[in-house]
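Read the structure below first, then the notes.
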There are 2 protein chains.
Amino acid sequence: MSKTKLDSIDRKLLDLLQVDAERQVADLAADVGLSATQCWRRVQRLKEAGVITRQVALVDRAKVNVAVTVFVAVRTNTHTEQWFNRFRATVEAIPEVVEFYRMSGDVDYLLRVVVPDIAAYDQVYKRLIAGTQLFDVSSSFAMEELKFTTALPLSYLP
Amino acid sequence: MSKTKLDSIDRKLLDLLQVDAERQVADLAADVGLSATQCWRRVQRLKEAGVITRQVALVDRAKVNVAVTVFVAVRTNTHTEQWFNRFRATVEAIPEVVEFYRMSGDVDYLLRVVVPDIAAYDQVYKRLIAGTQLFDVSSSFAMEELKFTTALPLSYLP
DNA sequence: TCTGAAATAGACCTCGG
DNA sequence: CCGAGGTCTATTTCAGA
C-alpha cells in the first residue's frame, strides 16, 4: 500500500462522489476541470488505493419500515477475550444493529439499532442479552433524525 | 406517491444493491432469477418510488484522516423553537458531524462526529458551543469501530 | 513520460414482437 | 413479458507534445 497523497482535485472528486456516485465521468471532468480520460484515471486510482472502498445504494428507512433508531449503551463486568468474542459474534449476526463501537469511559459498547417499532426493538434486545451476560443495558430512542450522511469531511486529507 | 409493495425479489435486489451498487443488471438478474430487462425495470421502479434514494461512494475513514469517532450527548434547558433552529443550523454547517438525532429521555440530542484526533475534536466542540447556549455537553470517544453498515435490515418490508 | 482525442467494447434502455 | 438492436458511456489505445 503506497503513501496515498491526495491533492485538491482528488478532494473535489471525492466530495462529488460521496454525494452521488452515479455521475458520469465526462460530467465530473467538467466540474473539476480535467479531461475525461484524466478524470477517469483519478477515480480509478482512488478505488485502487482503497480511498473509495465501494459504491452502495442508500435506502429510505421509512420505506423499508425501519424508521425507529435506538442507541444501546452496554456495560459489562466480564472483561475477558472469550466474553468479547461471543458478544461480538452475537451483535454481528443481528442485521438490525447497523453500528457497533467499543467505547472509552463509562459505557463499554455503543450500538445503533434500526427497527420498525418498540415491540421489534424488544425482540432485538432479547437477542442481545440472550447471547451473553451483560452488566447493564441502557436504550435511548431517537425521536427524529436531523442529519445523516455517509459523506466524510475532507478537510483533513493527508 | 403510491403504496410501495415490495416482494421477495425486490428484497433480494435491495440486499444486493445495498452492499454493492456497481453490479451489472445482467449479473443481478442471474442472482434473482429474472430476465435482464425485468430486473432493470425493478431497479428503476425502486428508484422512482424513492426506496433507493441514491447511490454513493463510501470512503475509507483512515485514508482521509478522520479515524476518530466521537459521540456527543447534548442537553439544553432552553426548549424554544428559536433555540432549536439556531442549534440545528450550527450543527448542520459542521461537516464533521455525520449524524444528528433528537432523543427521548435524559439526553436531548446525540451527535456522531468524525475527526483526525482529539485536538481536532476540540475545535469542533468549540464551534458547537459557540453557536448556542448548551446546558451540558458530554463527549464519548469510540476506541474501535466494530461494525458499520449502510445496509438496512429488510425483514420488516411493508 | 504524460496528455487527450478517437476507436472500441460493453452496458443500458427502448421498441417491436 | 421477453429478447434484439440502437445508443450512449466507460475504457483502452495511440499519436503527439
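Just so you know, these numbers use all the heavy atoms, side chains as well, and skip hydrogens, waters and symmetry mates. Because the structure is predicted, anything quoted here is derived from the model rather than measured. A note on names: the letters A, B, ... follow the listed sequences, proteins ahead of strands, and every chain is numbered from 1.
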Separation of D/dT12 C1' from A/Q38 CD (nearest whole Å): 14 Å
Short N-O contact, A/R42 and A/D7, less than 4.0 angstrom: yes
Centroid separation under 6.0 Å, is that true for the rings of B/F100 and B/F87? yes
Select from A/A26 and B/S35 the residue whose nearest nucleotide in DNA chain D is closer to the 5' end of that strand. B/S35
For A/Q18 and B/V59, indicate whether the former's side chain and the latter's backbone hold a donor-acceptor pair under 3.5 Å. no
Hey, does B/T37 reach any base, or is it just sugar-phosphate, or nothing, if we go heavy atoms under 4.0 Å? base
For the pair made of CG in A/D27 and P in D/dC8, what is the distance, rounded to whole Å? 16 Å
Distance test, side-chain N/O of A/W40 to OP1/OP2 of D/dA10, below 4.0 Å: no
Rounded to the nearest Å, what distance is computed from the CD atom of residue A/Q24 to the C1' atom of nucleotide D/dT11? 14 Å
Counting any heavy atom closer than 4.0 Å, what does B/R41 reach on the DNA or RNA strands: base, sugar-phosphate only, or nothing? nothing
Under 3.5 Å, side chain of B/E99 to main-chain N/O of A/T149, donor-acceptor pair present? no
Bounds of contact between DNA chain C and chain A, in 5' to 3' order, using a heavy-atom cut-off under 4.0 Å: C/dT3 to C/dA5
Could you tell me if B/Y156 and A/E96 have a donor-acceptor pair between their side chains, going purely by distance under 3.5 Å? yes
Is there a donor-acceptor contact under 3.5 Å linking the side chains of B/S139 and B/Y121? yes
